[in-house]
Amino acid sequence: TANTLPENTTEKLPETVNVSSEYASLEMPAPLPERNEQIIRHTNYTVSYNQDWNEPNYVAWEVNSKELNKNVNRDDNFLADPTLDFKSAVISRDYSGSGYDRGHMCPAADNLYSRQTMEECFYMTNMCPQNHMLNQGRWNDLEIKCREWTKKYGQLYITCEKQRMEITSQRELNEDRHQGNRHGIRS
């Protein structure tokens, strides 16, 4: 059925998924055995979340031309992901003073078709620290190009993986946390 996953998992897909079983979870990469990975499924995207890093390993989604019809406005309400406990959940203020934008992996413009998908795309598990010039420039250009391809071809499967930059020392991480930056997001 459309609401089942491969044999190696017992999770169920959200009831809102309406795809044939042949294509269910087509956008999903293979498991990442070398990384901490918690799979979190939301209505329009799936996150491979790494609690060691407090960041996504990747976000995967399918976008189709019908979903590009705007039914709701973007609200910029960044929220902790309710599927995580508070201790491990990144919150919006963790980015304060970091020099980074809260960069969407699955873009808000791919989620304008319902209030639920718009709210979920602002969960912090869908964000990664992103240089402002990249976020507003080339990254935005790529997101726009993907929507153009979706309109042209009808649907697109996208997987977005973050390239991780390590914090230079445990001391810096401890200093960040002491100053209120719980997850070491820094410029």
Side-chain angles (χ1 to χ4, degrees), residues 5 8-14 25 27-62 74-111 116-140 142-143 158-187:
L5 297 171
N8 60 350
T9 183
T10 58
E11 280 185 302
K12 281 194 166 186
L13 288 171
S25 300
E27 75 279 3
M28 294 294 297
L32 301 171
E34 74 284 358
R35 291 188 192 169
N36 180 312
E37 181 175 48
Q38 176 184 352
I39 301 298
I40 303 170
R41 296 182 188 281
H42 293 298
T43 305
N44 195 41
Y45 67 93
T46 301
V47 178
S48 165
Y49 190 73
N50 189 317
Q51 287 194 351
D52 291 340
W53 299 343
N54 295 307
E55 297 173 346
N57 292 310
Y58 65 80
V59 176
W61 68 101
E62 176 265 339
R74 178 181 167 129
D75 61 11
D76 289 347
N77 187 19
F78 293 89
L79 301 167
D81 192 319
T83 62
L84 299 176
D85 64 48
F86 179 76
K87 185 177 98 176
S88 59
V90 174
I91 58 176
S92 186
R93 78 168 176 252
D94 288 331
Y95 278 73
S96 296
S98 70
Y100 287 103
D101 286 1
R102 296 161 293 193
H104 282 84
M105 294 187 75
C106 177
D110 289 4
N111 290 279
Q116 180 176 347
T117 58
M118 178 54 56
E119 180 177 305
E120 290 175 351
C121 87
F122 278 89
Y123 288 164
M124 295 301 292
T125 51
N126 184 40
M127 306 296 149
C128 67
Q130 200 171 64
N131 173 284
H132 178 74
M133 295 300 288
L134 174 65
N135 192 24
Q136 299 300 310
R138 299 276 189 187
W139 192 258
N140 186 53
L142 178 61
E143 291 175 349
I158 303 170
T159 301
C160 178
E161 180 177 358
K162 178 188 181 301
Q163 295 298 308
R164 180 154 168 74
M165 294 172 45
E166 296 294 328
I167 292 184
T168 57
S169 74
Q170 185 62 41
R171 184 175 149 257
E172 289 176 341
L173 178 59
N174 291 338
E175 287 173 2
D176 283 348
R177 288 188 175 149
H178 178 70
Q179 295 170 7
N181 186 349
R182 302 176 321 136
H183 296 293
I185 298 167
R186 55 191 343 226
S187 53

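Under the 4.5 Å side-chain criterion, counting only non-hydrogen atoms from C-beta, C128 is not in contact with Y100. With contacts defined as side-chain heavy-atom distances shorter than 4.5 Å, the pair Y123/C106 does not qualify. P56 places none of its side-chain heavy atoms less than 4.5 Å from the side chain of N50. By the 4.5 Å heavy-atom criterion applied to side chains, F122 and R102 are not counted as neighbours. Proximity of I40 to H42: side-chain heavy atoms (C-beta onward) are separated by under 4.5 Å at one or more points. Looking at heavy atoms from C-beta onward, N54 lies out of side-chain contact with M124 at the 4.5 angstrom threshold. Residues P107 and W61 have side chains in contact (heavy-atom distance under 4.5 Å, counting atoms from C-beta outward). At a threshold of 4.5 Å between non-hydrogen side-chain atoms, the residues L79 and E119 count as touching.
When all heavy atoms of E37 and S48 are compared, the pair lying nearest together is OE2-OG, 2.8 Å. Closest of all the heavy-atom pairs between T159 and A60 is OG1-CB, 3.8 Å. For the residue pair P129 and Y95, the shortest heavy atom distance occurs at N-OH, 3.2 Å. The shortest non-hydrogen separation linking C121 to N111 is CB-ND2, 3.5 Å.
Checking side-chain atoms of N77 against main-chain N and O of M118 turns up no donor-acceptor pair under 3.5 Å.
Between K162 atom NZ and M127 atom CE the span is 14.0 Å, to the nearest 0.5 Å. Taking CG of D52 as the reference point, atom CD of Q38 lies at 11.5 Å (rounded to 0.5 Å). Interatomic distance, L84 CG to Y49 OH, rounded to the nearest 0.5 Å: 5.5 Å. A distance of 13.0 Å separates CZ in R41 from CD in E120, rounded to the nearest 0.5 Å. Atom CE of M133 and atom CZ of R138 lie 11.0 Å apart (nearest 0.5 Å). Annotation: the span from N57 atom CG to N36 atom CG amounts to 7.5 Å, rounded to 0.5 Å.
Annotation for R74: atom CZ counts as buried by contact number, over 12 foreign heavy atoms lying within 6.0 Å.
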**OP:** Tell me, with the steps shown, if T125 and D81 meet side chain to side chain donor-acceptor pair (under 3.5 Å).
**Re:** CA-CA 6 Å; T125 51; D81 192 319; 2.5 Å; yes
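Ring-plane geometry between H104 and F78 is classed as tilted, the angle between the planes lying from 30 to 60 degrees on a 0 to 90 degree scale.
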